[in-house]
Undergrad: 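What follows is a structure written as structure tokens; I'll ask about it next.
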Number of protein chains: 2
Amino acid sequence: MSLINFSEGFFIAVHSLILLEKHKPERLSAKFLAQELHSSQAHLSKVFQKLTKAGVVTSVRGPAGGFVLNKDSEEITFLDIYEIVEGRVNISGCVFGKSYCAFTTCIFGNELNKLTKEVYDKLNSTKISDFR
Amino acid sequence: MSLINFSEGFFIAVHSLILLEKHKPERLSAKFLAQELHSSQAHLSKVFQKLTKAGVVTSVRGPAGGFVLNKDSEEITFLDIYEIVEGRVNISGCVFGKSYCAFTTCIFGNELNKLTKEVYDKLNSTKISDFR
DNA sequence: ACTATAAAGGTATTAGAGTACCTAAATAGA
DNA sequence: TCTATTTAGGTACTCTAATACCTTTATAGT
Ligand code: FES
Ligand code: FES
């Protein structure tokens with residue numbers, strides 16, 4: 001149990017994109033990336049379908065096919081990647097994600113929201129090119 | 001999607017325990033608590049089975065039955081409650097919860113671990129009695 | 001053109017959190 | 001003692017992320 005925990009999908013996305021950056025302009029296949037990350041190729045493929053549709057990478061089918069990072073994708077933030085994979089991030093609101101609470105003031109006040117904001121800022125200030 | 005997100009089970013536990021503290025020495029039933037919190041009574045009952053076994057509350061069956069906070073439970077920390085409900089917390093290690101990583105240094109360095117530690121400290125420094 | 005390869009994408013299975021339901025055991029009150 | 005109530009605890013269902021499998025589509029290389 002970890003208090004801050006990112007999903008396997010996000011793990012795959014950031015690690016793969018950094019690998020693509022490092023191997024630029026090589027084209028890397030889903031199979032290769034999955035092996036490299038010790039992740040499921042099926043899951044990785046699904047994640048890359050999202051990244052392709054979002055325009056982060058370009059896919060090429062067929063033999064010697066695979067994925068390449070798009071020109072301006074080095075400057076994409078981890079927050080963008082997070083939202084492509086996980087959906088829109090909500091920075092405000094209770095850490096319990098509840099709309100109703102029996103108490104008038106949220107138990108944790110905004111202390112945890114402040115920490116959430118810090119995680120958000122960290123994601124938003126980190127780019128693929130930071131790992132050149 | 002929230003970056004820091006606590007489970008329904010933990011929501012139930014802390015809110016219920018604070019209600020028990022506020023209504024002391026009244027005995028509150030699972031039904032009443034579930035209504036109060038707008039939560040599932042079934043889920044709440046399961047959570048309270050853990051809290052009872054852990055000695056945080058005492059349960060009484062039968063009509064006018066319910067739960068009361070134990071004497072020293074006001075001083076129990078939110079971290080203790082978290083671990084009773086969710087299992088042992090791991091403060092170190094990568095936010096992706098992976099044992100293997102393709103990179104030599106963790107992507108986020110220890111910046112996110114620092115934030116995890118702050119959440120941990122917040123939980124560890126908050127007690128039921130803070131909400132008297 | 002043919003063929004082998006790799007992504008696209010649909011469907012199905014698995015694992016875990018949350019939910020619901022049912023029976024047994026305890027107990028307060030008549 | 002009897003009855004209604006409430007927790008204990010087992011089982012089963014639902015929903016979602018992750019995983020796996022399979023068919024279709026595109027394409028590089030011959
Ligand atoms: S909703 Fe935030 S603490 Fe109750
Ligand atoms: S495991 Fe922490 S970033 Fe790769």
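Throughout, a chain's letter reflects where its sequence line sits, starting with A, and its residues are numbered from 1.
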Undergrad: Does B:Q41 reach the main-chain N or O of B:A30 with its side chain, forming a donor-acceptor pair under 3.5 Å?
TA: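 No, the answer is negative, given that no donor and acceptor are paired below the 3.5 Å cut-off.
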Undergrad: A:F48 ring centre to A:K53 NZ or CZ under 6.0 Å, with the angle to the axis within 45°?
TA: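 The answer is no, since A:K53 fails at least one limit relative to A:F48.
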Undergrad: Quick one: ring-ring contact (aromatic ring centres under 6.0 Å, His included) pairs with a partner in residues 72-93 of chain A, sequence neighbours left out?
TA: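 Every ring-ring contact (aromatic ring centres under 6.0 Å, His included) pair that includes a residue of residues 72-93 of chain A, provided the two are not neighbours, is A:F6-A:Y82, A:F10-A:Y82, A:F78-A:F131, A:F78-B:F108.
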Undergrad: Report which part of the nucleic acid B:F48 touches: base, sugar-phosphate, or nothing (heavy-atom distance under 4.0 Å, all strands).
TA: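 No contact.
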Undergrad: Which part of the nucleic acid does B:G62 contact within heavy-atom distance under 4.0 Å: base, sugar-phosphate only, or nothing?
TA: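 Here B:G62 touches the bases of the nucleic acid.
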Undergrad: Please report the closest heavy-atom contact between B:S40 and B:A34, naming both atoms and the distance.
TA: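 So the two residues come closest at C-CB, 4.3 Å.
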Undergrad: Can you name the side chain to side chain contact (heavy atoms under 4.5 Å, CB included) partners of B:E26, sequence neighbours left out?
TA: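 Per chain and number, B:E26 pairs via side chain to side chain contact (heavy atoms under 4.5 Å, CB included) with B:H23, B:L28.
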Undergrad: Start at the 5' end of DNA chain D and walk down; is the nucleotide closest to A:G65 or to B:Q41 reached first?
TA: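 Of the two residues, B:Q41 wins.
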Undergrad: Would you kindly compare A:V60 and A:K46 by the position of their nearest DNA chain C nucleotide and give the one closer to the 5′ end?
TA: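 Checking each residue's closest nucleotide, the 5'-ward one belongs to A:V60.
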Undergrad: Using a heavy-atom cut-off of 4.0 Å to chain B, what are the terminal contacting nucleotides of DNA chain D, in 5' to 3' order?
TA: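 Range of nucleotides touched by chain B: D:dA4 to D:dT11.
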Undergrad: Restricting to salt bridge (charged side-chain N to carboxylate O under 4.0 Å, His left out), what partner residues turn up for A:K122, sequence neighbours left out?
TA: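 A:K122 satisfies salt bridge (charged side-chain N to carboxylate O under 4.0 Å, His left out) with B:E111 once adjacent residues are dropped.
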Undergrad: Name the nucleic acid region contacted by B:S45, choosing base, sugar-phosphate or nothing; use a 4.0 angstrom heavy-atom cut-off, strictly under.
TA: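 B:S45: no heavy atom of the nucleic acid under 4.0 Å.
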Undergrad: List in chain and number order the residues that pass side chain to side chain contact (heavy atoms under 4.5 Å, CB included) with B:C106, two or more places apart in sequence or in another chain; answer none if no residue qualifies.
TA: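 Per chain and number, B:C106 pairs via side chain to side chain contact (heavy atoms under 4.5 Å, CB included) with B:C94.
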Undergrad: Listed by chain and number, what are the salt bridge (charged side-chain N to carboxylate O under 4.0 Å, His left out) partners of A:E36, not counting sequence neighbours?
TA: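 Expected list: none.
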Undergrad: Are the side chain of B:R27 and the backbone of B:A64 linked by a donor-acceptor contact shorter than 3.5 Å?
TA: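 Checking the backbone N and O of B:A64 against the side chain of B:R27, a donor-acceptor pair under 3.5 Å is found.
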Undergrad: When you measure from every atom of DNA chain D, which of residues 49-57 of chain B have a heavy atom less than 4.0 Å away?
TA: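 Of all residues in residues 49-57 of chain B, the ones placing a heavy atom under 4.0 Å from DNA chain D are B:Q49, B:T52, B:K53.
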Undergrad: Reckon A:A64 touches a base, only the sugar-phosphate, or nothing at all at heavy-atom distances under 4.0 Å?
TA: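 Answer is sugar-phosphate: A:A64 comes under 4.0 Å of backbone atoms only.
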Undergrad: I'd like a table of donor-acceptor pairs (distance under 3.5 Å, sequence neighbours excluded) in which one partner is a side-chain atom from residues 66-77 of chain A, with atom names and distances.
TA:
{"from": "A:N70", "atom 1": "OD1", "to": "A:T58", "atom 2": "OG1", "distance (Å)": "2.4"}
{"from": "A:N70", "atom 1": "ND2", "to": "A:G55", "atom 2": "O", "distance (Å)": "2.6"}
{"from": "A:S73", "atom 1": "OG", "to": "A:V56", "atom 2": "O", "distance (Å)": "2.7"}
{"from": "A:E74", "atom 1": "OE2", "to": "A:K24", "atom 2": "NZ", "distance (Å)": "2.5"}
{"from": "A:E74", "atom 1": "OE2", "to": "A:R132", "atom 2": "NH1", "distance (Å)": "3.3"}
{"from": "A:E75", "atom 1": "OE2", "to": "A:S129", "atom 2": "OG", "distance (Å)": "3.2"}
{"from": "A:T77", "atom 1": "OG1", "to": "A:L79", "atom 2": "N", "distance (Å)": "3.4"}
{"from": "A:T77", "atom 1": "OG1", "to": "A:D80", "atom 2": "N", "distance (Å)": "3.1"}
{"from": "A:T77", "atom 1": "OG1", "to": "A:D80", "atom 2": "OD2", "distance (Å)": "3.1"}

Undergrad: Is the backbone of B:S2 close enough, under 3.5 Å, to the side chain of B:N5 for a donor and an acceptor to pair up by distance?
TA: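 No; judged by distance alone, with no hydrogens or angles, the pair does not exist.
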Undergrad: Applying side chain to side chain contact (heavy atoms under 4.5 Å, CB included), can you list everything that pairs with A:K50, at least two apart in sequence or on another chain?
TA: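 Applying side chain to side chain contact (heavy atoms under 4.5 Å, CB included) to A:K50 gives A:I84.
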Undergrad: Using the test side chain to side chain contact (heavy atoms under 4.5 Å, CB included), find all partners of B:S39 that sit at least two apart in sequence or belong to another chain.
TA: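 Once residues adjacent in sequence are excluded, the partners of B:S39 under the side chain to side chain contact (heavy atoms under 4.5 Å, CB included) criterion are A:K98, B:E8, B:F11, B:I12, B:L37.
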Undergrad: Reading DNA chain C 5' to 3', which nucleotide is the first, and which the last, to come under 4.0 Å of any heavy atom in chain A?
TA: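 Span of nucleotides near chain A: C:dA4 to C:dT11.
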Undergrad: Give the residues of residues 5-31 of chain B touching DNA chain D, defined as any heavy atom closer than 4.0 Å, sorted by residue number.
TA: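 B:S29, B:A30 - these, ordered by number, are the residues of the stretch whose heavy atoms sit under 4.0 Å from the strand.
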